[in-house]
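Worksheet: one structure, shown below.
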Amino acid sequence: MLGTAPPGVAMAKAKAPLRLGPAVEVVVIVTGALLTAAAIFSLFLLAIGHSPVRFFELVYIGGFGSSFSFQNTLRRAAPLILTGLAFAIPARIGLTMIGAEGALVIGALAAAALAVPIVTQGWPVALTLTAMALAAVFAGGLWTGFAGWLRHSRGVNETISTLLLAYIATAVLFFFVEGPLRDPGSANRPSTMPIGRDYMIGTLPGTNVHWGLVAGILCCIVLWLVMSRTTFGFAVRLSGGNPRAALAQGLPVGKLVVLCAAIAGGLAGLAGFFEVAAVHGQANAALVAGYGFTGILVAFLARQNPLAIIPVAILFGALAASGGLIQRRMGLPDASVLVLQGTIFVTLLAAETLYGRFKIFRPRGDER
Amino acid sequence: MVRTRFSRRSLLQTSAAGVAAAALPFGRARAQADLVIGAVYVGSKVDFGWNQAHAVAMDVIRNVPGVTVLEEENVPETDAVAQSMESMIQLDGANVILGTSFGYFDPFMIDLANRFPDVQFRHAAPLWDAARHPANLGSYFCYLNQAHYVNGVAAGLSSPTGRIGFVAAKPIPTVLSNINSVLLGARSVNPEATVQLIFTGDWSLPVREAEAANALVDAGCDVLTCHVDGPRVVIETAERRGVRSCGHNASQYELAPNGFITGAEYKWETIYRLYADAFAAGEALPNVVVGGYHNDMVQNTPYGAGATEAARQAADEAIAALRNNEPIYVGPLYDNRGNLVIDRPMDNLDPELDGMNFLLDGVIGSIT
Amino acid sequence: MDLTDSALFTVLVAMLGGAIRVSTPFLFVAVGECLTEKSGRINLGLEGNLVLGAMVAYATSFHTGEPWLGVLAAGVSGIFLGLIHGTLCSLPRVNDIAVGIAMMAFGTGLAFYFGRPYIQPPAPLLPSIPLGNWTGIPSLQRALEINPLFFVGIAVALLMSWFFRSTRWGLIVRTTGDSAPAAKAMGVNVDLVRILATASGGFLAGVGGSFLSLYYPGSWNEGLSSGQGLMAVALVIFARWDPIRCIWAAFLFGAAGAIGPAFQAIGITQGFYFFNAAPYILTLFILASSARSRSSAREAPGELSIVK
């Protein structure tokens, strides 16, 4: 990591232009890992008597093979970009926060709860959606910010506290949608009052993909800039790499920890907002869909790099999108896609070890 | 609920199904095409419960000439279901889509039905309303509470103490109706009978279901029944504790050789066959197909060793009465907080019952 | 008054029974993870071991008619996943937390795929020992019907505590976990120690899974674990890497899990969502009120990525 380098030096390093070498290295290693995973999974398929060729053909058709398939992939990727970021940002300061699921749920609940009185009063659409988004970000931020505060002030490990808070968030959601906030019309599927079609965020022109995708990509770009180009980003990375050095330099490490945790919750809360405003139109139990947990893997495969999260989330989206086609055309159970995902993830993560081992990818002058 | 009593009535009179006036002639665009029917399940096809009941019924019509069955399992009630259904249409040419989970309907199936007017959508819950929903959408449902009423009758005469324990997932109308029907069935033969209720909070939590079953037995219940996705745990726990049990969703006869009384089972195949037949005859698919004992859409599992002779006789009589459309809910009925909730005899398929939000006097439990 | 007393008694007995019935899988996973983490690795994927172990145990018992063979097979399946995790994470720059989560997907995927034929048929289950006959109270007798694996789990935890404190190998594992350079200086093969610790932890988690499918609740289905493995891994942090405290943590969790159903059984039914969430709320509360950053940091293995 950056060690105890003085800020100026590190800043200059961070601002260095992109080097082609490492970029090519990433592509080669990731491709190689994907091919290896495909080979391993092919053995599994052959062992259970199915054709690997057919399988991967269907992955392509289902994930990218047509305009519909690609949109399907993108729609499934949209929430994962934000929850991936929600893991990656606090990871930079050394936090392992596995409870984005909870912040997503709380954010969505806050957005939906706020919408009920606003919509009935007939606020303008743009204002309503902005208020809902702010409520979601704020509520999600508070939820995991609390975990950051517990860590900072009470020394409570954030991995366990965020996991516990995720379970508690589910209980809170169920309590409210089945109790105080229940729409009496939502008989068998207890939900908050629907915000109504007019208030829902539409899709990108000419597509079937909602704006959550754009928001996610924007967040990736902004946070990439913040983390790599600003003093704040530098302070976060320094605190993550060497907290003692950071403290010695007078950085408010504790505050940064709480802030990063809150940012994570805000991002997950934003994902929750889009689930309400673009997908469900209300809050209900379906919000607990595992996006928060999948986001952890997305972040790791992207090596906590906000920009890399975008393609990784799309890979996840494609696998999910093609899963159904594989079930239908090959008669394979859903679990086979889970096995494939596990194989790909494990292989990609193991391939991390290859970085820096091939001399040809090293930039000139770097003879480590 | 805006749905008129009239349309419901007329449906009932035309045997198993009626043709709603709004229905479009099915398959006009593909008059000679095969029936490609896509079914989407929320859980595993082999869950020994709700989803398996549907999948088994689909297997029955799979062999009908000219019918192709597409299936997808483990599809959550999120954007994923919209994507899966659209994928069936876009990539596999499905012309009938069956959504078998409650949360699939609004907004996902409504949106899809609007976007694909040539495709017929049918959803397994009584939600469709000709006035509000597209004409190529519709509902089908088996009123399982009728079979639970029979469970209650048999349990009331098989239980030495008259205390029946009920493990339920969530306080939603379908579940509440099953609970209340068990109570009314039991009280029809034993006016002192009670139903003690424990909510686990979610559809599949085997450990908590076992804990709940044990807690009910410890509290003195000597018959257990349930409404959770997979009833196996509750039935087996009852058997191990030496108390009797009534099943749910599928046949659990063999799981409890000593204590099994009877169980409530769906007969989805009646409906799926009807769809296939209508298609073969070139007729429109009915928009609404609902029913119970009188039109062969529910059944009770054959009596097990736990059912006394008196219980079998009374249950048989109850079945005969239900076949005759004799009502289960006959007012005045009070809820367990003392409010009058039903003031007259209600038709067994009365839409008002679909919004049930009370527990009758005699049920020990609360819905919040 | 009498009613209150008997209601309180019911809840307490239910909590005792819950602690005994529900805690065992938590205990096995937590103690296994404790060993792994003491060596300086974290394996978040024990949920996969738990689920695969449950499936393998049930399938083995179904085919052989011998439930104890199922327990063993579950352990072996846990070793299999543990070895993959341990070996991969020995490669430089491979992140153990991430591999753990990926292995969770892999393990549950395998379990769900191969477990489909075993959801419906009954298999022979593990026996229990009736230890409460002397009480003469049926509910207490039931609560004290105890599966041998429960005692095995406690024995393993006690043994492991002794192992860490008093054996040379225990010292090696602890040193590996606290400082890899120091362990290397002692001539220890750090990677090998961690691979073995992860495989052993995997074994225990697999055995924990067998308890679910072969004893309580005693059948195999895809929702069987519902995240217990993940929670148990988190409990190790709660127990501050002490096997004995893992026992108490598992008890607490099991007992708190019984609160929801027990309250409803005695007629306290409002707010059941929060009673059902009692284990999580209680754990968080205890953590927040007892954790002191310095002491818990002192007890954490120094090499552990999650507390660095």
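The analysis underlying the following values was restricted to heavy atoms, covering all of them including side chains, and did not include hydrogens, waters or symmetry mates. Keep in mind that this is a model prediction, so the values were computed, not measured.
If you measure heavy-atom distances from C:Asn221 to chain B, the contacts under 4.5 Å come from the side chain alone. When heavy atoms are compared at a cutoff of 4.5 Å, B:Asn214 approaches chain C solely by way of its side chain, counted from C-beta outward. Residue C:Arg116 touches chain B through both its backbone and its side chain, counting heavy-atom pairs closer than 4.5 Å. Heavy atoms closer than 4.5 Å to chain C are found in both the backbone and the side chain of B:Ala215. C:Ile268 does not touch chain B: none of its heavy atoms, backbone or side chain, sits under 4.5 Å away. With a 4.5 Å cut-off on non-hydrogen atoms, C:Glu145 does not touch chain B at all. Both the backbone and the side chain of B:Glu211 come within contact range of chain C, each with at least one heavy atom under 4.5 Å from a heavy atom of that chain.
Atom CD1 of C:Ile137 sits about 12.0 Å away from atom CG of B:Asp218, to the nearest 0.5 Å. Interatomic distance, C:Phe272 CZ to B:Thr200 OG1, rounded to the nearest 0.5 Å: 8.5 Å.
Heavy atoms from other residues, nucleotides or ligands lying under 6.0 Å from CZ of C:Phe151 number more than 12. Sparse packing is recorded around CH2 of C:Trp248, with 12 or fewer heavy atoms of other residues, nucleotides or ligands lying under 6.0 Å away. Summarising the local packing, CZ of B:Phe358 is surrounded by more than 12 heavy atoms from other residues, nucleotides or ligands at distances under 6.0 Å.
Scanning all heavy atoms of the two residues, the minimum distance from B:Pro171 to C:Tyr273 falls at CD-OH, 4.0 Å. Closest of all the heavy-atom pairs between B:Arg240 and C:Leu125 is NH2-CD1, 3.1 Å. Scanning all heavy atoms of the two residues, the minimum distance from B:Pro206 to C:Gly223 falls at CD-O, 3.1 Å. Closest approach of B:Val46 and C:Ile119 over heavy atoms only: O-CD1, 3.1 Å. Looking at every heavy atom in both residues, B:Gln196 comes nearest to C:Ile266 through NE2-N, 4.3 Å. The nearest pair of heavy atoms linking B:Asn74 to C:Glu222 is ND2-OE1, 4.0 Å.
Across B:Ser204, B:Gly201, B:Ala212, the residue that shares the most heavy-atom pairs under 4.5 angstrom with chain C is B:Gly201. Comparing B:Asp229, B:Val233, B:Val207 by heavy-atom pairs within less than 4.5 Å of chain C, the highest count is held by B:Val207. In terms of heavy-atom pairs under 4.5 angstrom with chain C, the leader among B:Gly230, B:Gly365, B:Ala219, B:Gly165 is B:Gly365. Heavy-atom pairs under 4.5 Å with chain C were tallied for B:Lys45, B:Glu209, B:Arg241; the largest tally goes to B:Arg241. For the set C:Ser219, C:Ser226, C:Ala262, the count of heavy-atom pairs under 4.5 angstrom toward chain B peaks at C:Ser219. Heavy-atom pairs under 4.5 Å with chain B were tallied for C:Pro117, C:Gly218, C:Gly260; the largest tally goes to C:Gly218.
For the residue pair C:Gln120/B:Gln52, the side-chain donor-acceptor check at 3.5 Å is satisfied.
Residues B:Glu254 and C:Pro121 are not in side-chain contact: their nearest non-hydrogen atoms beyond the backbone lie 4.5 Å or more apart.
Although no hydrogens or angles enter the test, the distance criterion places no donor-acceptor pair under 3.5 Å between the side chain of B:Arg208 and the main chain of C:Gly257.
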